[in-house]
Amino acid sequence: MKLNSRQTEAVKYISGPCLVLAGAGSGKTRVITNKIAYLVQHCDYKARNIAALTFTNKAAREMKERVGKTLGKKEAKGLMVSTFHTLGLNIIRREYKALGLKANFSLFDDQDQMALLKELTEAELDGDKDLLKLLQSAISNWKNEMLSAAEAQAYAQSERDQLFAHCYELYQRQMKAYNALDFDDLILLPVLLLRDDQEMRQRWQNKIRYLLVDEYQDTNTSQYLFVKLLVGERSRFTVVGDDDQSVYSWRGAQPENLGLLQKDFPSLRVIKLEQNYRSTSRILRTANILIANNPHLFEKALFSEIPDGEMLKVITAKNEDHEAEKVVGELIAHRFLNNTGYKDYSILYRGNHQSRLFEKSLMQNRIPYKISGGTSFFSRSEIKDIMAYLRLLTNLDDDNAFLRIVNTPRREIGPVTLEKLGTYANMRGKSLFASSFELGLEQHLTGRGLENLQRFTRWIVEMSENIERGDSVAALRELVRDIHYEDWLYESSPSPKAAEMRMKNVSQLYSWVTADLEGDNYDNEVKTLKEIVQRLTLRDMMERGEDDDEADQVQLMTLHASKGLEFPYVYLVGAEEGILPHQTSVDEGNVEEERRLAYVGITRAQKELTFTLCKERRQYGELIKPEPSRFLYELPQDDLHWDVEKRPVTQQERMQKGQSHIANLRAAMFKKN
DNA sequence: ATGGTCTTTCTTTTT
DNA sequence: GAAAGACCAT
């Protein structure tokens, strides 16, 4: 397919900063990949001087693949397509000395972070889960706003902020002692480095001569700074985004960054992609009318040349079981009549918990399905265990990893022993591992405890020496054998079947790691265990084409997870007040983001779109009678076919709906102040 | 240390 | 009302 004139303009404009406002389905990925190819083939850029940033590893992988197809292996060599965090990690790995880090730092994911915070703030927060969550996000927000612990303390207004800022400081100190970094550090540290060190800035600006950013509306403050520092005065960059698809503000994303760009780069060229190649005109018209209820930074008018096609449908169900049955029944009939594949259908919902009934119904009807999201591979306990072993072996000071596996499988090292070791380590200001060798420890810890502990740490030393010495693959094989992990799984799992599953996961992880150690991976690079562990913590598992995207399965996912995807037939379920818009968003007066979420859902559909809702729903144990989502009333009713007479017939009724909407907003505002 | 019962929670989530 | 997590008793 040829690029249209707007897309061509976006690809060929390379002499200055460029913002591409890419509506849903307007071919933004095509623009990015074509632009990279254009830079290399027609503008004398070397691939190794071009970087493209995304938010997810999946997006990065896909983009890499697509560029690879147009460019060929040789021309694409050295091209940097990665997430913000991976680029940050790479910079840190190269400049760790300037940052005052040791080479073998650990990466903490948010669970590690939470575990550490919990332990650190026993005195302050007394294990209060809500407060801990708040603290975690407060620290994350501070880091994203580039504030150090000292600055946070200085700015802290409330007593709680004071306390949190104090915990932030404790946390930073402990992370330093562990020689560990969290995800936010992966952006924060490079930004500080580039900001304060001119030579460093020049070096990286010289390396990255053209920068492209996908999903720009999802950037937060530090990520935007990162972009600004990387492009520098030269300002050779293209960012692609759509403010109507900003659904991550609760995670610190600042869609205002789209507007800021114009202020910071007055010569910014703004190019709008308004032709949609995905959906029927009817679906698109519906989406446009819905989103017109939101304020806009940039006006755009999406259009499609695909004919109207089927009406949009609204199906009303008695209750949520009925809803699932209706959707699945409908799906079966539709597939039969249209001779389509299961993978052409997707069921989208607001919250993960909604998936259960659909899953059940699909299973009963023997329909293959795939749920994205839920518990990820890396939060499975067996994977976390093995990862902890690997992390400890690459950074002996990583106390979190140490604690996770010191008694897994059982080594008869119980809480009492660890408690004593912990206090001693604290006293000496050393890591748990290091302390276990100190002579002074024997005054606190004797007999079996000490013996078991030292047997373990000596074994760790031996293992890490084996790895240092070279044959990591053999060393790893030895590790899994030594700890009898398989036996432990069979012992600790509820059923042999579960144990088998878990062992399969371990083998999967193991084969990824060994493939990378031997350079038998997608980029044919031999990696060190340290690098591999860091990348795995970032969830960047280098899957090689074994994606089961091809499998013929109905796709189930949250609206958030559906962003960027498309399906011929979409069921948007739970279109009710309280669910979409979610009640908490209504209470907070943040219906706009919910509307964008509905917009994202609608614009996933290529051919047909069906909303479903329930008259009754069980929620928190009690029966409620939800109203149809206000968004349904905002849609053009002429394009909508309700299965029951639920639509507001008169203009008056419509007004009433709108009014109550405004009244709700007002009530929420009132509540807030 | 393990297993059972009681209590709590019930939006979205990547890195 | 169900599932996960905390807590207590063994």
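Every chain is numbered from 1 and lettered A, B, ... according to where its sequence line falls, protein lines coming before strand lines.
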Let me check I have this right: for DNA chain B, each base becomes ., (, ), [, ] or |, based on Watson-Crick or G-U pairs with both distances under 3.5 Å. What is the full string?
||||||||||.....

Measure [atom1]/[X] against [atom2]/[N] and give the value in whole Å, please.
X	N	atom1	atom2	result
I187(A)	dT15(B)	CD1	C1'	8 Å
Y349(A)	dT13(B)	OH	P	9 Å
M557(A)	dT14(B)	CE	P	13 Å
D109(A)	dT13(B)	CG	P	17 Å
R535(A)	dT14(B)	CZ	P	18 Å
Q113(A)	dT13(B)	CD	P	19 Å
L181(A)	dT15(B)	CG	P	18 Å

Which nucleotide sits closest to the side chain of [X]: [options]?
X	options	result
T584(A)	dT11(B), dT13(B), dT15(B)	dT11(B)
Y248(A)	dT15(B), dT13(B), dT11(B)	dT13(B)
T83(A)	dT12(B), dG1(C), dT15(B)	dT15(B)
R356(A)	dT12(B), dT15(B), dA2(C)	dA2(C)
W250(A)	dT11(B), dT13(B), dG1(C)	dT13(B)

Between dA6(C) and dT11(B), how far apart are the C1' atoms? Round to whole Å, please.
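Nearest-Å result for dT11(B) against dA6(C) at atom C1': 23 Å.
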
Which whole number of Å gives the distance between the P atom of dT12(B) and that of dA3(C)?
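Here dT12(B) and dA3(C) have their P atoms 16 Å from each other.
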
Classify the nucleic acid contact of R251(A) as base, sugar-phosphate or nothing, counting any heavy atom under 4.0 Å across all strands shown.
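The residue R251(A) makes base contact.
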
Sugar-phosphate, base or nothing in reach of D110(A), heavy atoms under 4.0 Å:
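Touches a base.
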
Examine [N]: is either OP1 or OP2 under 4.0 Å from a nitrogen or oxygen in the side chain of [X]? Give yes or no.
X	N	result
T558(A)	dT13(B)	yes
N57(A)	dT14(B)	no
N352(A)	dT13(B)	yes

Pick from E594(A), E593(A), R350(A): which one makes a side-chain hydrogen bond (donor to acceptor under 3.5 Å, both in side chains) with S585(A)?
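With S585(A) as partner, E594(A), E593(A), R350(A) yield a single side-chain hydrogen bond (donor to acceptor under 3.5 Å, both in side chains), made by E594(A).
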
Listed partners of [X] passing ring pair (Phe, Tyr, Trp, His ring centres under 6.0 Å), at least two apart:
X	value
Y599(A)	none
H322(A)	none
F84(A)	F55(A)
F456(A)	F402(A)

With sequence neighbours excluded, tell me which residues meet salt bridge (Lys or Arg N to Asp or Glu O under 4.0 Å) with E95(A).
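With neighbours one apart ignored, the set is R203(A).
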
Set of salt bridge (Lys or Arg N to Asp or Glu O under 4.0 Å) partners for E451(A), sequence neighbours left out
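Applying salt bridge (Lys or Arg N to Asp or Glu O under 4.0 Å) to E451(A) gives R455(A).
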
Show me the protein contacts with nucleotides 6-8 of chain C, counting only N or O atoms at under 3.5 Å.
none

Going by 5.5 Å between centroids and 30° between planes, is there a stack of H582(A) over dT11(B)?
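It does: the two rings, one from H582(A) and one from dT11(B), meet the stacking criterion.
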
Less than 5.5 Å between centroids and less than 30° between ring planes, does F55(A) satisfy that with dT14(B)?
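No, the aromatic ring of F55(A) does not stack with the base.
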
Strictly by modelled atom types, are Q174(A) and Q172(A) linked by a side-chain donor-acceptor pair under 3.5 Å?
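Looking only at side-chain atoms, Q172(A) and Q174(A) do not form any donor-acceptor pair under 3.5 Å.
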
Do the side-chain N and O atoms of T584(A) and H582(A) include a donor-acceptor pair separated by under 3.5 angstrom?
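Side-chain D/A pair, T584(A) to H582(A): present.
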
Can you establish whether the number of heavy atoms outside R93(A) located under 6.0 Å from its atom CZ is more than 12?
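Check passes, neighbour count above 12.
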
Partners of E616(A) by side-chain hydrogen bond (donor to acceptor under 3.5 Å, both in side chains), sequence neighbours excluded?
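Once residues adjacent in sequence are excluded, the partners of E616(A) under the side-chain hydrogen bond (donor to acceptor under 3.5 Å, both in side chains) criterion are K625(A).
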
